[in-house]
Amino acid sequence: MSDSQDAPRPGRHILVTGATGYIGGRLVPELLAAGHRVRCLARTPKKLRDHPWAGQVDIVQGDVSDPQSLARALHGIDVAYYLVHALNSGTGFEDTDRRAATSFAEQAHAAAVERIVYLGGLTPAGVPEKELSPHLRSRAEVGHIFLASPVPSIVLRAAVIIGSGSASFEMLRYLTERLPVMVTPSWVRTRIQPIAVRDVLRYLVACARLPDTLNRGFDIGGPDVMTYRDMMRTYADAAGLRHRLIVPVPLLTPSLSSYWVGLVTPVPRGIARPLAQSLRHEVVCQEHDIAGYVPDGPDRPLPFRRALQLALRRIQDAQVTTRWSSAALPGAPSDPLPTDPDWAGGSLYTDHRRLSVDASPAQLWRVIEGIGGDNGWYSSPLAWAARGWLDRLVGGVGLRRGRRDAHHLRVGDSLDFWRVEEIETGRLLRLRAEMRLPGLAWLEMYVEQDGPGRARYHQRALFHPRGLSGHAYWWSVAPFHALVFGGMARNIAKAAGRESA
C-alpha cells in the first residue's frame, strides 16, 4: 500500500453522475458519511428532491452528453464518479456510451479533475472483446477511454451485483421463487463471481482517497465462485424454499432466454437481454489487487449467502433505498405536463372523476400513496394485467416493476409502468406513463377537504396523442374508461371509507 494511504486525507469535492440510479443513489450517502462534499449531476434534479440526503448535496442540472453542462458540473471537482450508461436506449447505445465517455474525460481534464472513477463490467479472460455481448463490450470500451485519458482513472469491474433491488438480484429472486421446476438456458452452468452491493460501495468510496497517480482497473468480486444454478439453489435455501429442480436446455439461447426471464420476472426484456448475454462467458476475477489499497476485513468481502440474507432482510423490513428501476428509462417522456406554463398546446384528451369520500383527507391520502404494486389499481385487475402483458409484448416495462416501498413514494420512483413525476404529501400524486404508447400520458390523484371529517377525491387521466395512431388509440380504449377509471375512483373512495370505519 502507498505511504499516502497511511495519513488520513481531508474530504474531497466529488461529482456523482447517475445519482438517480441504483448504485449512484446508494453511493451519495456513503460519500457524505465519509466526510466528502458531494455534487450530483441530474437531467431532472427534481427526482432527487425526496431523497433523505438531498439537502446535504449540491444538485446541478445537466447531462453527460452535453459538454456545456458537464463543464459547469465539473468545475472545482476533485473526483468524478461516472455511473451512467445508455443500456436499453436502442441499437446505437454503444456509440452513445462512447461519445458520452469521451466528452466526460475531455471536460474532466479541462476542469483539472484529479480522478475519474468508473464502475464497469467484469469481462471473461481470453475472450476477444469483439466476441463479447454488446453490453459488456461497451462497458469495457468506456473503461479503456477513461484509462487512456489524461485524467488518472480507476475502473472497477464487477460481475453480478447482489443487493436488495438490483436487477441481477431480482432476476435471481423471481426465477427461483416462481419456478420450483425450471427448464433453463445453458448459461446456468457458467461460473460467476458475484459481489455484494455493500462491497461495491465500499470500494467506490475508497477510490476517492487512492493515490492521485494511480491509473488502472481492478477486478472486484466476492469470495465465492459459483454457477448460476448454484446461486439459484443457494437462494432457495436462504429464502426457506424447497429444493429447486433445474434442467439446462442448450437450445435456449441468451436471446430466447431473455424472453423467458422477461416473462417470469419484473425485469423487462430490454434489461434482461444484456444480463443474459453477459452470462454466456465465465466472469471470474483474474486478480484481487484492490486488497492492496482497500484491505479485506473480517467477513469482507461478504460471502454470497450473507449478501443474500442481507438483501432479503432489507426487503422484509421495507428498507430498499434504490431499485434497478430507480433510473428513468432512456427515451422516456420528458415533456412538460399539459397544464404547465410551458406546455406547447396541441390535442389533449382527459378523463376527470370527482367523488366525495366519507373519510378524512389523511385517510384518503394513505390509500392513494399505497396504490400499485401488491395493492393493485383498485379496478378491473384483469384489464390492468392485460395492459401490462401487452406492454411487455411490445418491449415495454409491463406492470410488474412494483414499488420500492410498500407505503411511501418519492419523486422519481417507478410504480409498475408509471413513474412518480410529482408528489405533494397529503395532497397530490402525479404519475407519468412509461408504457409503450402513441403519445404521452399522465394520471393525477388529488385530495382536498370536503367538510368536517370528509374529503373530496379528484382523479384525472390525461393523454396527448402523437399522430393519427395516438387519436385512434384514445378512442379505441375510451369505451373502457368507465370500467377502469370510474371503478378505480369508486374503489379508492370505498377503501378510504373502510379505513375511516
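Predicted, not measured: the structure shown is a model, and the values here were computed from it.
- Taking 4.5 Å as the limit, some side-chain heavy atom of Leu172 sits within range of a side-chain heavy atom of Leu308.
- The residues Asp50 and Arg410 are annotated as not salt-bridged, no charged nitrogen and carboxylate oxygen being separated by less than 4.0 angstrom.
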Pair Val420-Ile423, side chain to side chain contact (heavy atoms under 4.5 Å, CB included): steps then yes or no = CA-CA 7 Å; Val420 179; Ile423 183 168; 4.2 Å; yes
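- Every residue meeting the salt bridge (Lys or Arg N to Asp or Glu O under 4.0 Å) condition with Asp63, not counting sequence neighbours, appears here in chain and number order: Arg43.
- Tested against Glu94 for a side chain to side chain donor-acceptor pair (under 3.5 Å), the candidates Arg99, Arg137, Arg139 yield a single pass: Arg137.
- Residues passing the side chain to side chain contact (heavy atoms under 4.5 Å, CB included) test with Leu147, sequence neighbours excluded: Ser153, Val155, Asn215.
- Each ring pair (Phe, Tyr, Trp, His ring centres under 6.0 Å) pair with one or both residues in residues 206-228, not counting sequence neighbours, appears once here: Trp187-Tyr228, Phe218-Tyr293.
- Taking the side chain as every heavy atom from C-beta outward, Tyr82 and Leu15 never approach each other to under 4.5 Å.
- No donor-acceptor pair under 3.5 Å is formed between the side chain of Glu434 and the backbone N or O of Arg432.
- Once rounded to the nearest 0.5 Å, the distance linking CD of Glu170 with CD of Glu177 reads 10.0 Å.
- Side-chain N/O atoms of Asp416 and Trp384 include no donor and acceptor closer than 3.5 Å.
- For the pair Cys207/Val79, no side-chain contact is recorded, criterion being any heavy-atom separation below 4.5 Å from C-beta on.
- Proximity of Asp78 to Ile14: side-chain heavy atoms (C-beta onward) are nowhere separated by under 4.5 Å.
- In terms of the side chain to side chain donor-acceptor pair (under 3.5 Å) criterion, residue partners of Trp365 (sequence neighbours excluded) are, by chain and number, Glu369.
- For residues 302-311, the set of pairs meeting the side chain to side chain donor-acceptor pair (under 3.5 Å) definition, not counting sequence neighbours, comprises Asp237-Arg305.
- Trp442 has its side chain out of reach of Trp418: every pair of non-hydrogen atoms, C-beta onward, lies at least 4.5 Å apart.
- Residues meeting the side chain to side chain donor-acceptor pair (under 3.5 Å) test with Asp199, sequence neighbours left out: Arg202, Arg300.
- Qualifying salt bridge (Lys or Arg N to Asp or Glu O under 4.0 Å) partners for Arg49, counting only residues two or more places apart in sequence or in other chains: Glu422.
- Of the possible polar contacts, one joining the Thr322 side chain to the Tyr22 backbone as a donor-acceptor pair under 3.5 Å is found.
- You'll find the side chain of Gln193 stays beyond 4.5 Å of the side chain of Ile195, heavy atoms only.
- Formation of a donor-acceptor pair under 3.5 Å by the Thr44 side chain with backbone atoms of Lys47 is not found in this model.
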What do the steps show when you test Glu421 against Lys46 for side chain to side chain contact (heavy atoms under 4.5 Å, CB included), and what is the final call?
-> CA-CA 9 Å; Glu421 181 172 84; Lys46 184 172 68 174; 4.1 Å; yes
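- Pairing each heavy atom of Gly221 with each of Cys285, the nearest pair is N-SG, 3.6 Å.
- Every residue was checked against the side chain to side chain donor-acceptor pair (under 3.5 Å) condition with Thr123, not counting sequence neighbours, and none meets it.
- To the nearest 0.5 Å, the span separating CD on Gln107 from CG on Asp66 amounts to 9.0 Å.
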Check against salt bridge (charged side-chain N to carboxylate O under 4.0 Å, His left out), Arg37 and Asp58 | CA-CA 9 Å; Arg37 291 178 296 147; Asp58 175 25; over 6 Å; no
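- A donor-acceptor pair under 3.5 Å links the side-chain atoms of Ser166 to the main chain of Ile161, judged by distance alone.
- The neighbour count for His109 NE2, taken as heavy atoms of other residues, nucleotides or ligands under 6.0 Å away, does not exceed 12.
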Hey, mind stepping through Trp53 and Leu48 against side chain to side chain contact (heavy atoms under 4.5 Å, CB included) and telling me if it holds?
-> CA-CA 9 Å; Trp53 41 261; Leu48 298 176; 3.8 Å; yes
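- Side-chain atoms of Arg404 do not come within 3.5 Å of backbone N or O of Leu409 as any donor-acceptor pair.
- Side chains of Glu282 and Ile192 form no contact here, defined as non-hydrogen atoms less than 4.5 Å apart.
- For the atom pair CG (Leu443) and CE (Met445), the distance works out to 4.5 Å, reported to the nearest 0.5 Å.
- Residues passing the salt bridge (Lys or Arg N to Asp or Glu O under 4.0 Å) test with Asp405: none are found, sequence neighbours excluded.
- With sequence neighbours excluded, no residue satisfies ring-ring contact (aromatic ring centres under 6.0 Å, His included) with His36.
- Here the straight-line distance linking atom CG of Asp413 with atom NE2 of His408 works out to 11.5 Å at 0.5 Å rounding.
- Put simply, the side chain of Val127 reaches to within 4.5 Å of the side chain of Leu132, judged on heavy atoms.
- Distance check, rounded to the nearest 0.5 Å: CD1 of Ile23 to OH of Tyr81 gives 12.5 Å.
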Do Met435 and Leu390 pass the side chain to side chain contact (heavy atoms under 4.5 Å, CB included) test, and can you show the C-alpha distance, the side-chain angles, and the key distance before you say yes or no?
-> CA-CA 9 Å; Met435 64 192 86; Leu390 178 62; over 6 Å; no
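- Side-chain atoms of Ser414 do not come within 3.5 Å of backbone N or O of Arg419 as any donor-acceptor pair.
- In terms of the side chain to side chain contact (heavy atoms under 4.5 Å, CB included) criterion, residue partners of Ala307 (sequence neighbours excluded) are, by chain and number, Ile162, Ala196.
- Every pair tested for salt bridge (Lys or Arg N to Asp or Glu O under 4.0 Å) that includes a residue from residues 19-36 fails, sequence neighbours excluded, so the list is empty.
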